[in-house]
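Quick notes on the structure that follows.
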Amino acid sequence: MILGRVEHHLVFIESSSKEEMGALRKALKFYQKKFRPDPHEFPFIITDIFDKQRKAFPTGYLEKVKEKLSKKDIDFKFVDKRSYRKNTFRFKQKTPFENPPRSWQKKAVDNIEEHPVGFISAPTASGKSRVIFETILHHKVKTLVLVPTTNIQTATANKLKKLIGSTNVSTKLPKQTEEEYLAEQEKINQSKRDMMKDVLDGKEADGFFHTVDESSIKDYLGVEETAEEKYLKEKGHTDKKKVPSWKKKKFSKKKSSKSYPVTVVCYQGLDDYSKKFLETIECIIIDEGHHASAKTFRDALSNMPNAAFRYGFSATPWRDQKHEMELLKSSLGENIIFEYDPEKALEEEVIAAPDYKIIHPAAPEVYLAKHTNWRFLVENGIIGNKVRNDLIVKEAEEHFQAGKNILICVDEIAHAEILEEKFKDIDIDSILIHGRRKNQENDENIKKVGENKDQGMISIGTMAIGEGTDMPYIDVVILASGGKSTIKLLQRIGRGARRPDGKDSFLIIDFQDWFNPILLKHSLARQKTVKEYYNI
């Protein structure tokens with residue numbers, strides 16, 4: 001029988017046979033098919049979510065593990081050690097919300113009060129931020145909010161400061177100190193020694209069987225000091241590792257003194273975080289929670305033993321690939337606490353209604369029907385396709401002359417620059433927003449586009465215009481980049497879905513790239529996503 005204990009972050013395995021451990025380890029491996037592997041190469045990427053050093057796996061995957069073990073007739077007993085505390089920080093709401101909650105927001109908050117872990121799914125521009133704030137106010141515990149971009153971090157933090165007071169909100173994630181790093185390394189080394197001892201004792205097979213006497217084990221693990229080790233120590237030789245200079249530069253120079261009830265940081269802030277700080281977190285909220293499948297998120301979540309409340313907010317809590325969906329479940333479980341259907345959001349006039357226009361461009365100058373190399377297709381069928389680019393410019397110009405605010409979505413900077421040149425040729429200015437520009441410049445341009453409601457404007461953006469970007473007055477979204485990613489597609493369309501006063505609908509312009517089977521397949525996948533998501 002497998003015996004284990006369930007904590008908020010991990011399920012720890014306390015005893016099992018070799019065969020049972022083997023079945024458990026197999027249940028915690030995910031296989032993702034490689035794209036065009038070499039002939040003699042293993043065709044799958046394997047992701048193992050079992051932590052060998054801690055003998056544990058993410059709590060979010062517990063129900064799935066139970067299901068897989070039951071199918072193999074393996075007995076198990078997991079003792080639940082989780083406890084849920086609220087009101088550990090007694091901050092008060094200082095200013096009221098500007099508007100009462102929408103009906104869906106109230107239902108979502110009611111469901112969150114009953115469920116400590118899971119996803120809240122609602123369309124982009126429907127008002128997920130209000131639910132996040134209500135969640136923080138309800139639990140009143142030490143909370144970490146992770147957001148996708150710096151401008152969203154600033155906006156979220158400013159709203160929270162107004163809501164609960166600036167002394168209760170921080171925008172900095174404490175970094176590791178050198179002492180924390182060394183203590184962590186010692187824990188890792190001790191864990192490795194324990195694991196090796198189990199192997200040498202025969203408790204763990206680890207792919208081979210090996211038996212030695214007790215004194216040899218003690219010598220190998222350094223439990224007993226040999227005469228040679230004493231001599232080397234006296235001469236100043238030690239196996240203690242020095243901290244690399246590049247690592248020292250990332251350490252915090254001082255220990256964090258003040259404890260804030262709420263901390264709001266970007267995803268990038270998860271680099272070199274203080275594990276001591278993460279251990280104090282009681283509630284974790286991830287805006288655009290589909291990112292929780294990424295290893296950075298999974299590692300951070302596994303270092304939050306006291307985070308009893310774990311929520312992912314997303315317009316798209318699902319992925320194109322089963323592999324990513326399984327990793328998502330391992331991070332935050334598979335429970336969708338509340339789902340606000342886009343069709344319902346349209347019916348209740350919460351988001352703008354999309355019109356969908358599909359253009360069939362003429363064949364490009366380069367023959368592409370039989371090509372299968374993806375990079376070649378992107379360069380010749382999308383970025384360098386003059387016929388297609390001319391159509392993009394023509395459509396944008398027509399709507400610009402009608403006083404519309406147009407966003408052209410591209411994947412690569414080169415494509416944005418080509419389109420910019422084409423607009424210059426017809427004496428039309430365009431705004432470029434991409435990753436090579438300074439954050440401040442991008443933020444200023446996003447703000448300029450977002451606040452423009454009185455005159456026509458053309459903006460061209462890569463994924464620098466991404467999740468959570470507030471651009472409510474976009475009238476036309478042109479999908480110039482191709483591709484089939486549902487998440488990327490819906491996030492881009494969402495830039496036009498916001499519904500400020502006076503805006504009822506917006507236009508999506510897409511291309512059916514029929515001149516190559518792969519590009520056509522992607523075009524049809526995009527059309528299917530849009531039509532199914534908005535039921536149009």
Side-chain angles (χ1 to χ4, degrees), residues 32-39 41 43 45 319-321 356-399 406-426 428 430 432-436 458-466 476-493 507-533:
Q32 181 183 20
K33 196 165 186 179
K34 291 179 181 176
F35 180 72
R36 296 181 181 277
D38 293 333
E41 186 182 7
I45 298 168
R319 288 269 187 167
D320 297 326
Q321 299 178 26
Y356 194 25
K357 179 180 180 180
I358 300 166
I359 296 173
H360 296 68
E365 296 173 353
V366 179
Y367 180 72
L368 298 175
K370 294 185 178 180
H371 285 279
T372 57
N373 180 280
W374 175 243
R375 189 62 211 168
F376 183 89
L377 290 175
V378 168
E379 290 173 355
N380 289 274
I382 304 292
I383 299 172
N385 186 341
K386 184 177 184 303
V387 176
R388 194 175 184 274
N389 286 337
D390 286 344
L391 274 174
I392 292 169
V393 171
K394 178 177 176 293
E395 289 290 326
E397 182 188 9
E398 284 180 11
H399 291 287
I406 302 111
L407 171 64
I408 303 174
C409 300
V410 298
D411 272 344
E412 299 191 24
I413 295 170
H415 198 184
E417 290 173 342
I418 288 171
L419 293 173
E420 182 188 36
E421 284 297 318
K422 285 183 172 291
F423 285 118
K424 282 181 181 176
D425 290 343
I426 55 175
I428 293 178
S430 57
L432 258 62
I433 305 170
H434 57 68
R436 275 195 210 146
I458 295 175
S459 49
I460 310 167
T462 63
M463 283 308 287
I465 302 180
V476 181
V477 177
I478 300 179
L479 303 171
S481 60
K484 64 174 182 176
S485 167
T486 52
I487 288 176
K488 189 185 290 186
L489 173 64
L490 293 176
Q491 289 295 342
R492 284 171 163 171
I493 290 172
L507 176 64
I508 305 164
I509 297 177
D510 199 357
F511 296 87
Q512 182 151 308
D513 300 316
W514 58 270
F515 41 80
N516 176 268
I518 296 174
L519 295 180
L520 176 60
K521 183 180 177 182
H522 288 187
S523 300
L524 296 175
R526 291 195 303 275
Q527 292 171 36
K528 182 181 178 183
T529 297
V530 174
K531 289 175 182 177
E532 286 183 355
Y533 191 74

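All of these numbers come straight from a predicted model, not from anything done at the bench.
- Looking at Glu395 and Arg388, no side-chain N of the basic residue comes within less than 4.0 Å of a carboxylate O on the acidic one, giving no salt bridge.
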Apply side-chain contact (heavy atoms from CB on, under 4.5 Å) to Leu520 and Gln512, showing your working.
CA-CA 6 Å; Leu520 176 60; Gln512 182 151 308; 3.8 Å; yes
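- With a 4.5 Å cut-off on side-chain heavy atoms, Lys484 and Leu524 do not count as touching.
- To the nearest 0.5 angstrom, Ile509 atom CD1 is 4.0 Å from His399 atom NE2.
- In this structure, Lys394 places its NZ atom where only 12 or fewer heavy-atom neighbours from other residues, nucleotides or ligands lie under 6.0 Å away.
- Remark: side-chain polar atoms of Trp514 are not paired, donor with acceptor, to backbone N or O of Leu519 under 3.5 angstrom.
- Nearest heavy atoms, Ile518 versus His371: CD1-O, 4.5 Å.
- For the pair Phe423/Ile460, a side-chain contact is recorded, criterion being any heavy-atom separation below 4.5 Å from C-beta on.
- Annotation: side chain of Val476 is not in contact with side chain of Leu407 (no heavy-atom distance under 4.5 Å).
- Counting heavy atoms from C-beta outward, Cys409 and Arg492 have side chains that approach closer than 4.5 Å.
- Within the model, atoms CD of Glu420 and CD1 of Ile458 stand 11.5 Å from one another, a figure rounded to the nearest 0.5 Å.
- Using a 4.0 Å cut-off between a side-chain N of Lys or Arg and a carboxylate O of Asp or Glu, Arg526 and Asp510 qualify as a salt bridge.
- Shortest non-hydrogen contact noted between Ile408 and Ala480 is CG2-CB, 3.8 Å.
- Side-chain contact check for Ile383 versus Ile418: some heavy-atom pair is nearer than 4.5 Å.
- Salt bridge annotation for Lys521-Asp513: absent, with no cationic side-chain nitrogen under 4.0 angstrom from a carboxylate oxygen.
- Shortest non-hydrogen contact noted between Ala363 and Val387 is O-CG2, 3.8 Å.
- Residues Glu412 and Val378 have side chains in contact (heavy-atom distance under 4.5 Å, counting atoms from C-beta outward).
- Counting only heavy atoms from C-beta outward, the side chains of His415 and Asp411 never approach each other to under 4.5 Å.
- Rounding to the nearest 0.5 Å places CZ of Phe511 at 4.5 Å from CD1 of Ile392.
- Between Glu365 and Lys386, none of the side-chain N atoms (NZ, or NE/NH1/NH2) sits under 4.0 Å from a carboxylate O, so this pair counts as no salt bridge.
- Taking each heavy atom of Ala369 and Pro517 in turn, the nearest pair found is O-CD, 3.2 Å.
- Note that CD of Glu421 is 9.0 Å distant from OG of Ser430, once rounded to the nearest 0.5 Å.
- Note that the CD1 atom of Ile413 and the CD atom of Glu417 stand 6.5 Å from one another [nearest 0.5 Å].
- Within the 4.5 Å cutoff, no side-chain heavy atoms of Val477 are placed close to those of Leu507.
- Summarising the geometry, atom CD belonging to Glu532 is positioned 11.0 Å from atom OG1 belonging to Thr486; distances are rounded to the nearest 0.5 Å.
- Gly381 and Leu368 make their closest contact through CA-CD1, 3.5 Å (heavy atoms, listed as atom of the first residue, atom of the second, distance).
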